[in-house]
Amino acid sequence: MDEGGRARGTHGAAVGTGTGYSTALACKRLGSAGVPSIKVDPHRLQQAASALYGCGYTPTLAIADGLCGY
């Protein structure tokens, strides 16, 4: 368990990837495999993907609208 009471391998989601900062924090805490992240703007998602992959994080990234689910 981590300090938040979550077990390693717990899943989370990042809606609105933005720069990738909060997605990176989720990957650090939960592991990249448990973190999907979505963004409606493909250009901004690509920028976030470059930053995340450059830091060694490999979350599942998708172009989607968080209001419509994923």
Side-chain angles (χ1 to χ4, degrees):
M1 294 280 213
D2 65 17
E3 62 276 0
R6 287 189 150 180
R8 263 283 184 220
T10 301
H11 295 272
V15 177
T17 308
T19 63
Y21 180 77
S22 61
T23 304
L25 293 176
C27 288
K28 175 81 173 166
R29 184 172 201 144
L30 304 173
S32 291
V35 181
S37 187
I38 63 173
K39 184 74 179 167
V40 73
D41 181 341
H43 177 71
R44 303 266 313 220
L45 184 66
Q46 183 56 49
Q47 289 176 321
S50 294
L52 288 162
Y53 298 155
C55 291
Y57 297 117
T58 57
T60 300
L61 301 175
I63 299 166
D65 187 335
L67 291 174
C68 299
Y70 173 73

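Within a 6.0 Å radius of OH in Tyr53, more than 12 heavy atoms belonging to other residues, nucleotides or ligands are found.
When every heavy atom of Ala48 is checked against every heavy atom of Gly20, the shortest pair comes out as CB-N, 4.0 Å.
Separating the CD1 atom in Ile38 from the CG atom in Asp65 is a distance of 7.0 Å, to the nearest 0.5 Å. The CG atom of Asp41 sits 11.0 Å away from atom CD of Gln46, with the distance rounded to the nearest 0.5 Å. Note: Leu52 CG to Gln47 CD = 12.0 Å, rounded to the nearest 0.5 Å.
Side-chain contact annotation: Ser37 with Thr17, donor-acceptor N/O pair under 3.5 Å present.
One hydrophobic cluster, built from ILVMFWY side chains closer than 4.5 Å, holds both Leu61 and Ile63.
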